[in-house]
Amino acid sequence: MDKTFEPRDVEARWRDSWEQQGCYAPSGTGEPYSIMIPPPNVTGTLHMGHAFQHTVMDALTRHARMAGKDTLWQPGTDHAGIATQMVVERNLKLAGEPARLDLGREKFVEKVWEWKKLSAGTIGGQIRRMGSSVDWSREAFTMDPAYSKAVIEHFVRLHEAGLIYRGKRLVNWDPVLLTAISDLEVVSEEENGKLWHFRYPLAHGAKTADGNHHIVVATTRPETMLGDTAVAVHPEDERYAHLVGKTVLLPLTNREIPIVADDYVDREFGTGCVKITPAHDFNDYALGQRHQLPLINIFTPTATVNDEAPEVYRGLDRYVARKKIVADLDALGLVDKIDDHKLKVPRGDRSGAVVEPYLTDQWFVDLTRETRHDGQAGPGGLHAITRPAIDAVESGRIRFVPDNWKTTYFQWLNNIQDWCISRQLWWGHRIPAWFDDAGNVYVARDEPEVRAKYKLGADVALRQDEDVFDTWFSSDIWPMATLGWPEKTEALNKWYPSSVLVTGFDIIFFWVARMVMMGQYFQNEVPFHEVYITGLVRDPEGNKMSKSKGNVLDPLDVVDGITLDELIKKRTTGLMKPETAPKIENKTRKDYPNGIEAVGVDALRFTFAALATQGRDIRFDAGRAAGYRNFCNKIWNAARYVLMSCEGQDCGIDDAQPVELSDADRWIISKLQKLETEAAEHFASYRFDLLSTALYQFIWNEYCDWYLELSKPALQQGSEAQQRGTRRTLVRVLEVWLRLLHPLMPFITEEVWQRVAPLAGKVAGTLMLQPYPIADASRIDEAAEADIEWLKTFILGVRQIRGEMNIAPGKPLPLLIQGAGADDLSRLAKMKSAIEFLARVESPRVLSDDEAAPQSATALLGTTKLLVPMAGLIDKDAELARLAKQIAKLESDLEKTATRIANPNFGKAPPAVQEQAHQHQRKLAADLSALQDQHQRIAIL
RNA sequence: GGGUGCUUAGCUCAGUCGGUAGAGCGUCGCCUUUACACGGCGUAGGUCGGGGGUUCGAGCCCCUCAGCACCCACCA
């Protein structure tokens with residue numbers, strides 16, 4: 001074995017071997033356990049967030065598999081309509097190829113399929129590299145033929161139940177992508193803007209209360225005034241009460257529009273008069289419905305002014321039109337004032353374009369009408385889709401981890417709107433709806449079915465709806481459709497509901513809630529029992545990682561390492577805004593001054609596990625990953641030592657020869673049981689941070705730091721039977737913790753286990769199919785643990801003196817023991833060789849009661865004193881200073897405890913707590929007096 | 001406006017039942033001792049954001065203030 005662990009070859013070997021051996025496939029026996037991967041978008045490559053979540057899922061999957069369950073981790077990818085279409089369009093542009101519209105739908109979609117193949121391949125490669133044990137034989141894609149069939153079925157059945165409708169509604173329109181998007185795909189951010197105050201002249205000589213012939217309206221969007229169909233005031237606003245029912249003459253268009261009263265209006269804001277544009281504002285739309293106002297759409301799909309407007313504005317972009325309208329109104333003396341104003345600007349989350357509320361025909365899922373799918377009114381306003389989704393979580397049939405995310409979930413569902421599911425895109429599932437020439441719409445699974453269902457003759461010309469579904473309308477059946485739904489397959493029967501969904505909070509609405517809705521609706525069953533919500537992986541400064549910010553990290557760059565220059569190059573090429581490159585370069589230099597060291601997959605996975613604290617985002621820390629790379633090396637070398645000590649030797653496995661276990665052997669075995677218990681708890685509660693910490697501490701701080709060291713004198717000086725016992729323990733404990741660690745660090749554990757397992761009497765095979773260790777309470781040995789704790793205190797005491805006095809570690813020290821009790825003597829006798837080896841002391845001598853100690857440095861071992869004679873070794877003043885420091889610490893501790901006990905009401909504390917406090921006080925007092933005594937004795941000499 | 005988190009060592013974060021404040025990394029000192037310098041041993045470093053309350057006892061529970069982050073809704 002090499003002196004350092006080199007992850008690359010090891011990883012390559014095992015990931016191929018596991019896959020080829022079929023280890024990732026369900027075993028076919030045991031209790032079913034399944035996880036559906038949140039299908040990554042085929043837009044390119046996986047980022048740190050994926051790697052993090054995949055680590056969690058793989059740990060759960062490997063754990064379940066080792067625990068003997070019939071385990072499926074279902075892989076696949078999502079076609080991601082808008083996102084993928086955009087990527088391909090950009091690629092075409094960069095490559096100088098014909099644009100989408102020039103290519104035409106069929107050719108363009110072919111291009112997207114080419115890209116999909118590429119991207120899915122890359123993603124598959126990344127998933128394989130991370131060691132994710134997904135069942136590749138079941139790999140799915142949301143546009144596979146079978147999956148597409150399920151999507152159609154999904155739509156048609158909802159339609160048949162009356163839960164789908166099509167209508168002309170105001171929707172969020174992206175004027176760049178030229179498609180409707182859902183509420184969730186709109187992100188609003190506060191931006192600096194203006195609030196314009198315009199005078200609208202009153203018609204027919206009407207006057208305001210203060211004698212003006214106009215009223216003043218305030219708006220942040222002057223261009224929409226071309227589509228105004230009313231001015232609204234508050235019904236109880238005395239200033240305008242007499243004007244309600246009168247009209248104003250809309251400037252520039254000279255349309256006469258009414259003044260209406262509606263309590264939507266806030267009297268305090270602006271002048272209390274609101275211009276109403278029902279075709280271009282959601283609130284105005286609602287108000288318009290209440291007052292039967294006409295809708296005047298003044299924009300084309302690209303948000304230029306259309307022919308409804310006066311000729312001078314036609315064809316102008318909305319912002320150009322805005323400028324001209326303000327100028328024209330100003331020329332007419334109708335601009336009252338212009339204020340600076342912060343306003344929330346709604347933008348499409350993909351394009352970044354300012355979204356326009358726009359009247360179009362779209363398909364909707366009814367999520368609000370309080371009826372059942374059978375048309376009956378339900379009790380208490382039951383909705384066929386929404387209500388059961390709320391019930392599923394309220395009843396505890398779905399549990400969120402951490403629990404508080406259910407609040408978010410409920411909040412959204414309780415305020416849900418109908419869902420616009422049609423998109424004016426080319427990449428996606430074409431909506432199974434057909435129109436005849438008269439504009440009638442027919443819904444069925446395909447055209448023949450339409451003709452049959454609606455009894456249409458061959459003479460009726462039908463054309464299919466051009467639109468496609470919102471991507472989420474296909475991913476919301478992911479847990480069912482990947483298992484064969486709508487067919488009643490064996491897989492569906494076995495693995496639906498899945499065991500746990502692992503995902504980020506950012507898609508609780510987009511995806512989680514909708515899967516629950518559809519699962520409940522179609523299967524009458526939740527899609528998963530638990531939802532483990534992970535935090536977001538952020539950059540070292542806590543910023544969200546995004547391509548445009550140039551702070552994304554490819555997980556494989558952490559695995560394989562990357563130089564600073566390469567990283568900068570990666571982050572700054574192909575930017576949408578090339579001018580941000582210098583800023584990105586600076587930040588990269590700051591975050592990773594030396595680039596990123598290669599750490600290997602295991603270390604990266606362990607890093608994610610360690611950072612996976614509950615309900616908190618994680619800042620990625622490359623230093624931490626390097627730390628766990630070191631941990632891998634520690635494991636590697638520990639194994640190297642064990643193999644060197646045990647290979648070709650009698651490890652006491654066959655019980656042919658007598659085997660004797662030492663205190664140290666029984667101690668580490670006992671500790672191991674406790675670790676196994678902890679591991680089980682942490683898996684059950686999804687505390688991967690605590691799991692990784694527990695494993696790390698046991699392996700490094702107990703097994704390596706103490707047990708391996710204790711084994712050295714044992715193997716040199718022990719009897720044959722004791723040596724067999726030590727070897728057996730070395731090998732067996734190692735073999736067990738490799739299994740415990742395997743779900744987090746699959747590669748190194750497998751590599752090492754293959755060499756260790758035979759020594760531990762294990763048959764050949766892969767580690768990943770070995771049973772996960774379970775604690776055996778009968779092997780807990782408190783006496784051995786107490787013995788080793790005593791030993792540790794002993795050794796630490798001596799080491800402290802050595803360390804603080806700067807005595808070379810290798811130099812053997814003389815040691816005297818004063819005040820030893822019977823326990824000390826027996827422990828001293830049985831652990832003599834360990835003490836001499838680890839503390840590097842020459843055979844310690846126990847002083848008799850009447851024997852005076854020479855001038856010595858002191859360490860306390862309970863009431864016993866460990867004395868290192870100072871002569872020629874230790875500076876008197878240094879030891880005095882050291883003691884003084886310890887004395888000061890004890891005094892302060894003692895004072896705190898004394899104050900606590902002195903509290904007149906301390907008697908109210910439980911007796912056990914009181915007893916504990918008194919004991920603590922006695923111990924502090926004893927230690928203090930011992931050290932003070934020692935300080936005095938040295939001082940006078 | 002409504003909601004959810006967060007504030008603990010220089011940094012990143014644990015802290016479960018209210019009972020003597022922890023880890024990793026970094027710092028500093030000693031050491032190349034045959035598993036490992038990607039190492040060993042030792043050491044320093046904290047008014048637990050501020051204030052108040054409950055309690056025998058508060059990092060933890062309650063109130064309040066401040067700061068940071070995020071989500072939802074959007075008064076033009």
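- Both tests pass for A:R514 against the ring of A:W419: distance under 6.0 Å to the centre and angle within 45° of the axis.
- Using N1 to N3 plus N6-O4 or O6-N4 for Watson-Crick, or N1-O2 and O6-N3 for G-U wobble, each under 3.5 Å, B:U33 pairs with nothing.
- Note that the OG1 atom of A:T693 and the CZ atom of A:R687 stand 9.0 Å from one another [nearest 0.5 Å].
- Close to B:C36, at under 4.0 Å from its OP1 or OP2, lies a side-chain N or O of A:K3.
- Between B:C60 and B:A21, the distance separating the two C1' atoms is 12 Å to the nearest Å.
- Residue A:T4 places no side-chain N or O under 4.0 Å from the OP1 or OP2 atom of B:C38.
- If you check every strand for non-hydrogen atoms under 4.0 Å, A:R799 touches sugar and phosphate atoms only.
- When the nucleotides B:G42, B:C56, B:A35 are ranked by their closest atom to the side chain of A:L708, B:A35 comes out on top.
- Contact annotation: A:W412 side-chain N/O to B:U4 OP1/OP2 distance is not under 4.0 Å.
- A salt bridge between A:E702 and A:K792 is present, with a side-chain N of the basic residue lying under 4.0 Å from a carboxylate O of the acidic one.
- Taking atom CD on A:Q411 and atom C1' on B:G3, their separation rounds to 5 Å, with Å as the unit.
- In B:C17 the O4'-C1'-N dihedral to the base is within 90° of 0, which defines a syn nucleotide.
- Nucleic acid contact class of A:S188 (heavy atoms, under 4.0 Å, all strands): base.
- A distance of 6.0 Å or more separates the ring centres of A:W405 and A:F400.
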Exercise for review: Please step through salt bridge (charged side-chain N to carboxylate O under 4.0 Å, His left out) for the pair A:R318 and A:E356, ending with a clear verdict.
Suggested key: CA-CA 10 Å; A:R318 51 189 161 163; A:E356 198 63 56; 2.8 Å; yes
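- Using a 4.0 Å heavy-atom distance criterion, A:T408 is classed as making no nucleic acid contact.
- Below the 3.5 angstrom threshold, one finds a donor paired with an acceptor across the side chain of A:K712 and the base of B:A35.
- Atom CG of A:D266 is separated from atom P of B:A76 by 10 Å (rounded to the nearest Å).
- A:N637 has its CG atom 10 Å from the P atom of B:A35, to the nearest Å.
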Pairs under 3.5 Å (N/O, protein and nucleotides 68-70 of chain B):
none

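- In this structure, CZ of A:R687 is placed 14 Å from P of B:C13, rounded to the nearest angstrom.
- Base contact: A:V265 has a heavy atom under 4.0 Å from a base atom.
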Exercise for review: Summarise how protein sits on nucleotides 5-12 of chain B as a single string, 5' to 3': B when a protein heavy atom is under 4.0 Å from the base, S for sugar-phosphate-only contact, - for no contact.
Suggested key: SSS----B
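- Comparing B:U4, B:A76, B:G42 by their nearest atom to the side chain of A:T407 picks out B:U4.
- Taking every side-chain heavy atom of A:P910 into account, B:G19 is the closest of B:G19, B:C38, B:G40.
- When heavy atoms are screened at a 4.0 angstrom cut-off, A:K923 is found touching no nucleic acid atom at all.
- As judged by a 4.0 angstrom heavy-atom cut-off over every strand, A:T693 is placed among residues making no nucleic acid contact.
- Within the structure, every pair that satisfies the side chain to side chain donor-acceptor pair (under 3.5 Å) test and touches residues 605-629 of chain A, not counting sequence neighbours, is listed here: A:D58-A:R605, A:R538-A:D617, A:E597-A:R629, A:R624-A:Y628.
- In a base pair of the Watson-Crick type (N1 to N3 plus N6-O4 or O6-N4) or a G-U wobble (N1-O2 and O6-N3), with each distance short of 3.5 Å, B:C56 is matched with B:G19.
- Within the 4.0 angstrom heavy-atom criterion, only backbone atoms of the sugar-phosphate kind lie near A:F509; the bases stay farther away.
- Here B:C36 presents its P atom at 19 Å from CG of A:N701, a figure rounded to the nearest Å.
- Among the protein residues, A:E541 comes within range of no part of the nucleic acid, since none of its heavy atoms lies under 4.0 Å from any strand.
- Looking at heavy-atom distances under 4.0 Å, A:W196 makes no contact with the nucleic acid at all.
- Rounded to whole angstrom, the span from the CD1 atom of A:I801 across to the P atom of B:C41 amounts to 17 Å.
- In this structure, A:V913 and A:C704 both approach RNA chain B, and ranking their closest nucleotides by distance from the 5' end singles out A:V913.
- The residue from A:N701, A:L838, A:I668 that alone fulfils the side chain to side chain contact (heavy atoms under 4.5 Å, CB included) condition with A:W706 is A:L838.
- Residue A:P346 is classed as having no contact, given no heavy-atom separation below 4.0 Å to the nucleic acid.
- If you check every strand for non-hydrogen atoms under 4.0 Å, A:Y696 touches sugar and phosphate atoms only.
- The gap from the C1' atom of B:U8 to that of B:C71 amounts to 26 Å, rounded to the nearest Å.
- Across the strands present, B:C6 finds its partner in B:G67; the criterion is a Watson-Crick or G-U wobble pair with both atom distances under 3.5 angstrom.
- Distance check, rounded to the nearest 0.5 Å: NZ of A:K344 to OG1 of A:T220 gives 13.5 Å.
- For A:Q697, the listed nucleotide lying nearest its side chain is B:A23; candidates were B:G19, B:C13, B:A23.
- The pair A:R8-A:E6 fails the salt-bridge criterion, with no side-chain N (NZ, NE, NH1 or NH2) lying under 4.0 Å from an Asp/Glu carboxylate O.
- To the nearest whole angstrom, the two C1' atoms, one in B:G49 and one in B:A69, are 15 Å apart.
- Under a 4.0 Å N-O distance rule, the pair A:K337/A:D339 qualifies as a salt bridge.
- Residue A:K634 is classed as a base contact, given a heavy-atom separation below 4.0 Å to a base.
- Going from atom CG of A:N414 over to atom P of B:C72 covers 16 Å, rounded to whole Å.
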Check your understanding: Run the side chain to side chain donor-acceptor pair (under 3.5 Å) check on A:D228 and A:Y200 step by step: do they pass?
Key -> CA-CA 11 Å; A:D228 285 0; A:Y200 280 12; 2.7 Å; yes
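- Closest to the side chain of A:F269, from the set B:C38, B:C36, B:A76, is B:A76.
- Counting non-hydrogen atoms of neighbouring residues, nucleotides and ligands closer than 6.0 angstrom, the CD atom of A:E915 exceeds 12 such neighbours.
- The listed nucleotides are B:U43, B:A14, B:C36; the one nearest the side chain of A:Q800 is B:U43.
- In terms of position along RNA chain B, the nucleotide closest to A:L796 lies nearer the 5' end than the nucleotide closest to the other residue of the pair A:N903 and A:L796.
- Look at CG on A:N633: it is 14 Å from C1' on B:G40, rounded to the nearest Å.
- Each of B:A14, B:C74, B:A44 was ranked by its minimum atom distance to the side chain of A:K344; first place goes to B:C74.
- Ion pair A:E541/A:K549 not flagged as a salt bridge, since none of the NZ, NE, NH1 or NH2 atoms sits closer than 4.0 Å to an Asp/Glu carboxylate oxygen.
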